[in-house]
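Only this structure's heavy atoms are used, side chains among them; waters, hydrogens and symmetry mates stay out. Note on naming: letters A, B, ... go to the chains in the order of the sequence lines (proteins, then strands), and numbering restarts at 1 for each one.
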There are 2 protein chains.
Amino acid sequence: MISEISTIRWSDGVVEILDQRLLPHRVKYLRLRTARQVAKAIRDMAIRGAPAIGVAAAMGIALTAYHSKAKTREKILEQLRRSCEVLGSSRPTAVNLFWALDRMMKTAESSESVEEMRSRLVEEALRIMREDIEANRKIGENGARLIEDGDRILTHCNAGALATAGYGTALGVIRAAHAQGKKVIVYACETRPKLQGARLTAWELLRDGIPVKLITDNMAAFLMQRGEVDKVIVGADRILAKTGHVINKIGTLCHAICAKHHGIPFLVAAPTSTIDFKSGLEDVVIEERDPREVLYIGGKRIAPEGVEAWNPAFDITPPELVTCIITERGVYRPEELKGLDSAALSGE
Amino acid sequence: MISEISTIRWSDGVVEILDQRLLPHRVKYLRLRTARQVAKAIRDMAIRGAPAIGVAAAMGIALTAYHSKAKTREKILEQLRRSCEVLGSSRPTAVNLFWALDRMMKTAESSESVEEMRSRLVEEALRIMREDIEANRKIGENGARLIEDGDRILTHCNAGALATAGYGTALGVIRAAHAQGKKVIVYACETRPKLQGARLTAWELLRDGIPVKLITDNMAAFLMQRGEVDKVIVGADRILAKTGHVINKIGTLCHAICAKHHGIPFLVAAPTSTIDFKSGLEDVVIEERDPREVLYIGGKRIAPEGVEAWNPAFDITPPELVTCIITERGVYRPEELKGLDSAALSGE
């Protein structure tokens, strides 16, 4: 079962990351010893998915603390701040990354000594990991209530165990419904350009014995038109509490518009660590990645030499297209998020 | 210039077809001598695009007549009918195929002798080819009036010279506008699973010096949301005169829904040979192709072993999403098609 495969783990000063670029063909772990190596793994998408990136960033900070030879509190704080910068510049869109770095730095700053900082930062990273798995289980519980026996569910990208510390957000809801004995069928959109749906979601669901059928992204609307989709469930990389906008993998907006057009509920599953209580829409940076991700597939060029490509990694789904947001705390309409107590949520 | 490259040509009893499966990497012609070989080239998508398939089918019939050793009118008609069956079963959705076969058989049946049949069928196939190019030029003229200087135009699949006997339908409109000195930018959607947008549309437009940017299909909605698309223009494989539905490459529906959502005109360009005056929606067969086209890209498997895929080659865009249909006879709203005189259009 998928639960035996970890996305990320801590092992005595080494962060082991399942290299998702090699899936579904190979299961291989990267062994990382520095924050810089973790940042590179995030940037190169060896690990991806907003919650998983948050956990990886926390572990990157823990690595810096664990291996630091600093003798003074000021010196180690300086090293940690540098690691934060490196990790913070790896990918700009998913908010969990900044949320985790922020939490790690607060832990560092509230520690009295170098020794205390080392042990508390490793503990905090492990806590963030455990909390993410717990949050996903609760998201699964909360979301499974919305799933009916026989539902045909369309999902995009991978919001599964591989996108988190374990269990998954959107796929967590599907896993929980399946565990309750509800017969569900999943339509996995392949998710160009990086094919996370074809490579990761199909792999996870096959391993768990949950029926899955692969489609190209552009088939989703036709499937909806034929009445073969009961619900759409996706994850999120950032949800704006102020406005209810959902930032998620490129292609999400398109599914949301087509779902609305056909009267199909559009559900977003994410932990509250994905909710951004500060930013407005104008503050969000949509990462644009190397155009070669579009021009090539699997190392093979598909387009003629000389053609340009555009490669935004995310898009923005406005709140009027979102039926509800399933979190570990409960299920909310997008406009309800601004009423949530962000301080209480972050445990402050 | 693209006009120097033929999609299909007749050369003394041989049909030469540009093998589009090898583009953009190689320009190579298949030399076909039988209707069966032409049917295989259509089925395997060495040649594709509704108007091009129509011309190829007509030439397939011409090949049978040209090489026939039949001595009697009845015998050659029997051979031609067999060729019609073989060609007619190559791909079920594009109506031009059946339209061309019908026209060729009427020519055959109205011929008095074997000799007359041979020469008239070759002539008729060449006439269908010439008429297609002329129709595309007129579609270009009619459509270019709707294009404004500076328009940013999104297109899907390839409705270009390669999809026709020459010049193209959707790309014909873009070519004509460009030739008039209007500065247009084309966003070409890559069009999974067969990547006609990345491989063919980008190639054609680059050769003609028309600015083109490649995107994955799932980026179109985000581009529209950002206000960067002024018009969508696509071709068609079959347009139902009775109801105004447009059947075109999978992914078209999705763009049409997203265009409507964002208030962007959605234009369809096609010759009247693509209009089906007889069928209702229930009569249309949507071809489902080999799932391996989704599971593999360029010979490389992308999805895990054991996962199933769905692979419809076309989808159906309802008339309420279509702004207008640009033909060689004029520009029509979908609901106006049923008022057209089909007999007059087919030259009867």
Residue, of A:Ile297, A:Leu23, A:Ile215, that accumulates the most heavy atom pairs under 4.5 Å with chain B = A:Ile297

With chain A, which of B:Cys258, B:Ala188, B:Ala220 has the greatest number of heavy-atom pairs at distances under 4.5 Å?
-> B:Cys258

Within the distance-only criterion (no hydrogens, no angle test), does the side chain of B:His25 pair as donor or acceptor with the backbone N or O of A:Arg301 below 3.5 angstrom?
-> yes

Side chain, backbone, both or neither: which part of B:Tyr187 has a heavy atom under 4.5 Å from chain A?
-> neither

If only atom types and distance count, is the side chain of A:Gln225 paired as donor or acceptor with the main-chain N or O of B:Ile316 below 3.5 Å?
-> yes

A:Leu223 versus chain B, the contacting section by heavy-atom distance below 4.5 Å | both

Interchain contact, B:Glu190 with chain A, by part (heavy-atom threshold 4.5 Å) = side chain

Tell me, side chain or backbone of B:Ile302 under 4.5 Å from chain A's heavy atoms, or both, or neither?
-> both

Count the heavy-atom pairs under 4.5 Å between each of B:Thr216, B:Val307, B:Ile250 and chain A, then report the option with the highest count.
-> B:Ile250

Exceeds 12 heavy-atom contacts within 6.0 angstrom, atom CD of B:Glu308 | no

Does the pair A:Arg192 and B:Arg192 meet the rule for a side chain to side chain contact (heavy atoms under 4.5 Å, CB included), with working shown?
-> CA-CA 9 Å; A:Arg192 277 281 288 150; B:Arg192 277 281 287 149; 4.2 Å; yes

Give, as side chain, backbone, both or neither, the part of B:Pro24 having an atom under 4.5 angstrom from any heavy atom of chain A.
-> side chain

Between B:Phe222 and A:Trp310, which heavy-atom pair has the shortest distance, and what is it?
-> CD2-CH2, 3.7 Å

Would you confirm whether B:Asn218, through its side chain, and A:Cys254, through its main-chain N or O, come within 3.5 Å as a donor-acceptor pair?
-> no

Winner by heavy-atom pair count (cut-off under 4.5 Å) against chain A, out of B:Glu305, B:His255, B:Arg226, B:Lys300 | B:Arg226

Considering only heavy atoms from C-beta outward, does the side chain of B:Ile257 approach that of A:Lys260 to under 4.5 Å?
-> no

Heavy-atom pair with the smallest gap, counting every atom of A:Pro304 and B:Leu206 | CG-CD1, 3.8 Å

So do A:Leu295 and B:Leu214 actually touch side chain to side chain, heavy atoms under 4.5 Å?
-> yes

In terms of heavy-atom pairs under 4.5 Å with chain B, which of A:Gly299, A:Pro318, A:Gly251 leads?
-> A:Gly251

Side chain, backbone, both or neither: which part of B:Asp315 has a heavy atom under 4.5 Å from chain A?
-> both

Pick from B:Leu253, B:Thr317, B:Leu195 with the largest number of heavy-atom pairs that fall under 4.5 Å of chain A | B:Leu253

Given side chain to side chain contact (heavy atoms under 4.5 Å, CB included), test B:Met219 with A:Asn311 step by step and report yes or no.
-> CA-CA 8 Å; B:Met219 292 172 190; A:Asn311 188 18; 3.5 Å; yes

